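Taking it in order: structure first as structure tokens, then the write-up.
None of these values were measured; they are calculated from a predicted model.
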Amino acid sequence: MSNFRQDFIRFAVRQQVLRFGEFQTKAGRMSPYFFNAGLFNDGSALRNLSQFYAQAILAADLPFDMLFGPAYKGIPLAAGTAIALDEQGRNIPYCYNRKEAKDHGEGGTTVGAKLQGRVLIIDDVISAGTSVRESIELIRAAGAAPCGVVIALDRMERGQGELSAVQEVQRNYGIPVVSIATLDDLLGYLQGEAEMVQNLAAVQSYRDRYGVKND
């Protein structure tokens with residue numbers, strides 16, 4: 001595991017964004033961990049989180065021209081990541097959408113830079129894939145090309161079938177999904193942290209029962 005992925009897991013635990021216990025998922029499963037990106041909720045946390053997104057993007061070496069943050073959670077993520085990329089020497093335009101179209105002023109459903117070229121979607125996680133689907137439709141309708149999705153954590157968990165939500169996005173739209181960290185990174189972190197290792201067995205058991213195979 002590269003250092004920034006391990007550092008991200010440690011950061012999420014420290015922020016209590018990543019917690020351990022018993023949590024019921026939308027699918028009705030009892031998960032031994034819970035990730036709530038909405039708790040990256042102060043300036044310092046957002047700055048650090050955005051730097052991790054920028055590191056993941058640069059490490060993936062994806063070709064892209066701009067960022068898009070789907071409302072609502074994707075909005076601060078796209079803005080923060082644009083700032084973090086600029087700090088790395090890449091000044092990238094960004095754009096986000098409104099939930100409802102505005103019929104006055106500049107109008108429309110998007111705010112920020114014009115959607116054009118290769119667009120990288122920035123979101124927190126992929127669960128049902130609804131946000132990604134709506135983003136891709138909006139980007140294509142503007143004449144631009146979705147070129148990938150970047151998320152914070154890939155749970156690597158099967159949906160209704162054999163594929164995870166991330167794998168379904170990759171299969172259905174033919175674009176890569178990059179995550180700052182995955183469930184396997186989390187397992188690696190738990191193995192190396194003496195004070196957290198008591199959570200390892202439960203997370204490994206959950207991975208064995210509901211996880212997808214590695215590509």
Report whether [X] and [Y] are members of the same hydrophobic cluster (ILVMFWY, side-chain heavy atoms less than 4.5 Å apart, transitive linking).
X    : Y    : answer
L163 : L153 : no
F23  : V17  : no
I151 : F34  : no

Side chains of [X] and [Y]: closer than 4.5 Å at any heavy-atom pair?
X    : Y    : value
I122 : F68  : no
V212 : E162 : no
V13  : F20  : yes
L46  : N41  : no
V149 : Y173 : no
R90  : L58  : yes
I121 : F64  : no
V169 : V166 : no

Handout entry: Derivation of the side chain to side chain contact (heavy atoms under 4.5 Å, CB included) call for Y53 and L85
Key = CA-CA 9 Å; Y53 270 95; L85 286 169; over 6 Å; no
Problem - Distance flag, aromatic centroids of Y189 and F8, threshold under 6.0 Å - result: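 No, too far apart.
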Problem - Over-ring placement of R155 relative to Y33, 6.0 Å and 45° cut-offs - result: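 Yes.
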Exercise for the section: May I ask you to check whether S205 and D208 show a side-chain donor-acceptor distance below 3.5 Å? Expected result: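 Absent: no donor and acceptor within the cut-off.
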Practice task
Using only heavy-atom distances, determine whether the side chains of S131 and D123 contain a donor-acceptor pair under 3.5 Å.
Solution key: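 Looking only at side-chain atoms, D123 and S131 do form a donor-acceptor pair, the distance falling under 3.5 Å.
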Closest heavy-atom contact between [X] and [Y]?
X    : Y    : result
L39  : Q15  : O-NE2, 4.3 Å
V119 : A144 : CG2-CB, 3.8 Å
K73  : G38  : NZ-N, 4.3 Å
P176 : C147 : CD-O, 3.3 Å
D124 : L77  : N-CD1, 3.7 Å
N97  : A71  : OD1-N, 2.7 Å

Exercise for the section: Quick one: pull up CG in D154 and CG in D184 and give me the separation to the nearest 0.5 Å. Expected result: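 Between D154 CG and D184 CG, I get 9.0 Å after rounding to 0.5 Å.
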Problem - Parallel, tilted or perpendicular: ring planes of Y94 versus Y96, cut at 30 and 60 degrees - result: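 Rings of Y94 and Y96: parallel, as their planes differ by under 30°.
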Exercise for the section: Verify side chain to side chain contact (heavy atoms under 4.5 Å, CB included) between D65 and Q116, making sure each step is shown before the conclusion. Expected result: CA-CA 8 Å; D65 299 308; Q116 57 187 355; over 6 Å; no
Exercise for the section: Take V177 and V150 through the test side chain to side chain contact (heavy atoms under 4.5 Å, CB included) and record every step on the way to the result. Expected result: CA-CA 6 Å; V177 177; V150 185; over 6 Å; no
Problem - Worked check of side chain to side chain contact (heavy atoms under 4.5 Å, CB included) between L187 and R207 - result: CA-CA 9 Å; L187 286 167; R207 171 82 171 93; 4.0 Å; yes
Exercise for the section: Examine distances only and state if a side-chain atom of Q167 and a backbone atom of S164 form a donor-acceptor pair shorter than 3.5 Å. Expected result: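 Side chain of Q167 to backbone of S164, a donor-acceptor pair under 3.5 Å: yes, one is there.
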Practice task
Without swapping roles, check the side chain of D185 against the backbone of T182 for a donor-acceptor pair under 3.5 Å.
Solution key: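 Confirmed, D185 side chain pairs with T182 backbone.
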Problem - Ionic contact status for E157 with R29, cut-off 4.0 Å - result: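 Looking at R29 and E157, the cut-off is met.
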